[in-house]
Enquirer: 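Here's a structure for you.
Hydrogens, waters and symmetry mates play no part in the numbers below; they use all other heavy atoms, side chains included. Lettering follows sequence order; numbering is per chain, from 1.
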2 protein chains.
Amino acid sequence: MVHEVEHRTLTAYLEEHSLKNTKQRAAILDVFLSATGHITSEVLFQQVREQHSNIGYTTVYRTMKLLCDAGLASERRFDDGVTRFEIAHEHHDHLVCTRCGKIIEFECAMIEKTQNEIAERHGFRVLRHRHELYGHCRDCREDSP
Amino acid sequence: MVHEVEHRTLTAYLEEHSLKNTKQRAAILDVFLSATGHITSEVLFQQVREQHSNIGYTTVYRTMKLLCDAGLASERRFDDGVTRFEIAHEHHDHLVCTRCGKIIEFECAMIEKTQNEIAERHGFRVLRHRHELYGHCRDCREDSP
DNA sequence: CGTGAAAATGAAAATCATATTCAAATTCAA
DNA sequence: TTGAATTTGAATATGATTTTCATTTTCACG
């Protein structure tokens with residue numbers, strides 16, 4: 001069985017919250033885990049439909065929210081206004097190419113530390129943050145070295 | 001005349017682009033410059049209405065876009081999904097309190113430098129970025145020191 | 001000053017992503 | 001097996017923003 005660990009995680013979350021284990025939820029989780037990169041609800045729905053022509057858009061939306069709550073997915077909304085989902089993993093930030101849409105992840109302990117210091121200086125307790133760099137990737141910049 | 005410099009900037013921009021100098025645009029610019037902080041279109045519209053009961057929502061929207069193009073305003077969209085405008089000034093980032101909505105600006109040359117280095121390492125040329133820290137401000141955090 | 005072409009206005013309708021409603025179907029504990 | 005609770009999916013609603021379009025206003029030029 002593919003994605004066995006994740007299915008167990010979902011099942012555990014559902015039981016924990018008195019929610020039900022439906023075929024739709026399992027199917028959407030499978031498609032989501034098989035997809036690559038940062039996928040929109042729209043594209044995810046289309047891919048789900050290829051295998052399960054009876055699953056509705058609403059169910060995909062609701063299930064993705066559920067997967068986020070269960071810690072299996074993370075929601076990201078970049079400047080184009082569309083929500084994308086990524087498989088949950090360690091904290092990181094993003095580089096977004098505004099020409100081709102490529103998304104690259106990065107992380108930097110120094111920036112994290114510095115931003116927390118800045119926040120502390122203002123009396124803030126930081127709960128989450130977004131740090132996104134928009135520009136042109138290697139393939140899209142005109143002054144390619 | 002208040003906001004004389006800004007009105008001249010607007011007029012210059014309008015002439016430059018063969019656009020017209022209307023009372024609505026001047027009025028909205030005045031209200032915008034007199035407002036404090038990061039104002040939403042909604043609130044801006046209400047304030048405009050107090051003085052000019054005939055100006056429409058659409059005109060406020062369009063004019064704010066114009067002011068951004070003219071370099072007089074900057075558009076910001078935080079995680080609540082509503083667009084806010086601030087009087088354009090030097091680059092900076094934001095701390096946002098998710099309880100009371102307070103918005104504090106910060107800037108950090110070191111973070112800027114570091115993020116550009118990271119981008120360069122990935123072959124990216126950064127055109128703009130957003131760096132927002134969400135959390136609880138001094139007045140809203142429960143573990144107030 | 002007029003004038004008229006171009007641009008702006010504002011009310012209403014359209015968009016677009018997302019959220020909600022609700023009747024029918026499904027799940028699952030007892 | 002059963003029935004209460006949950007889920008589903010189609011349709012509808014929402015809410016911010018954008019577009020449409022008929023009417024009004026601006027302003028360069030005569």
Enquirer: Give the cluster check for A/Met64 versus A/Val82: same hydrophobic cluster or not, with ILVMFWY residues linked at side-chain heavy-atom distances below 4.5 Å.
Expert: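 Different hydrophobic clusters.
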Enquirer: Are A/Glu120 and B/Arg141 close enough, and set up right, to give a salt bridge (Lys or Arg N to Asp or Glu O under 4.0 Å), and what steps lead you there?
Expert: CA-CA 12 Å; A/Glu120 201 50 52; B/Arg141 55 196 289 185; 3.5 Å; yes
Enquirer: For A/Thr22 and for B/Thr22, locate the closest nucleotide of DNA chain C by heavy-atom distance; then report the residue assigned to the nucleotide nearer the 5' terminus.
Expert: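 Between the two, 5'-proximity favours B/Thr22.
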Enquirer: Could you give the CZ-to-C1' distance, from B/Arg25 to C/dA8, as a whole number of Å?
Expert: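 Rounded to whole Å, this separation is 6 Å.
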Enquirer: Find the distance A/Asp79:CG to C/dA17:P and express it as a whole number of Å.
Expert: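 Result: 16 Å.
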Enquirer: What is the distance from NE2 of A/His17 to C1' of C/dT27, rounded to the nearest Å?
Expert: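 After rounding, the gap between these two atoms is 18 Å.
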Enquirer: Does B/Ile103 share a hydrophobic cluster with B/Ile39, counting links as ILVMFWY side-chain heavy atoms below 4.5 Å and allowing steps through other members?
Expert: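 No, B/Ile103 does not connect to B/Ile39 through the hydrophobic network.
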Enquirer: For B/Arg77 and B/Gly81, indicate whether the former's side chain and the latter's backbone hold a donor-acceptor pair under 3.5 Å.
Expert: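 Not a single qualifying donor-acceptor pair exists.
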Enquirer: Figure out the NZ/P separation between B/Lys20 and C/dA7, and round it to whole Å.
Expert: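 Between P of C/dA7 and NZ of B/Lys20: 7 Å.
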Enquirer: A/Leu44 has an atom CG; how far is it from atom C1' of C/dT18, in whole Å?
Expert: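 After rounding, the reported distance stands at 15 Å.
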Enquirer: Between A/Tyr57 and A/Phe45, what is the ring plane arrangement, given parallel below 30°, perpendicular above 60°, and tilted in between?
Expert: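 A/Tyr57 and A/Phe45: parallel rings.
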Enquirer: Within a strict 4.5 Å, meaning less than it, do heavy atoms of the B/His94 and B/Arg84 side chains meet?
Expert: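 Contact flag for B/His94/B/Arg84 side chains = no.
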Enquirer: Could you tell me whether the side chain of B/Tyr134 and the main chain of B/Asp79 form a donor-acceptor pair under 3.5 Å?
Expert: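 Pair found, side chain donor or acceptor close to backbone of B/Asp79.
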Enquirer: Is it true that B/Ile87 and B/Leu67 fall in one hydrophobic cluster, defined by side-chain heavy atoms closer than 4.5 Å?
Expert: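 B/Ile87 clusters together with B/Leu67.
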Enquirer: Rounded to whole angstrom units, what separation is found between the CD atom of A/Gln24 and the P atom of C/dA25?
Expert: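 Roughly 14 Å, once rounded to whole Å.
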Enquirer: Which nucleotide span of DNA chain D, 5' end to 3' end, has atoms closer than 4.0 Å to non-hydrogen atoms of chain A?
Expert: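 Contact boundaries, 5' end first: D/dA5 to D/dA11.
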Enquirer: Can you pull out the residues from residues 55-76 of chain A that lie within a 4.0 Å heavy-atom distance of DNA chain C?
Expert: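 Here the set is A/Thr58, A/Tyr61, A/Arg62.
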Enquirer: What is the distance from CD of B/Glu15 to P of C/dA8, rounded to the nearest Å?
Expert: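 The distance from CD of B/Glu15 to P of C/dA8 comes to 13 Å, rounded to the nearest Å.
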Enquirer: Does one side chain, of A/Glu50 or A/Gln46, offer a donor that lies under 3.5 Å from an acceptor on the other?
Expert: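 No.
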Enquirer: For B/Leu14 and C/dA8, what is the distance between atoms CG and C1' respectively, to the nearest whole Å?
Expert: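 Interatomic distance, CG of B/Leu14 to C1' of C/dA8: 11 Å.
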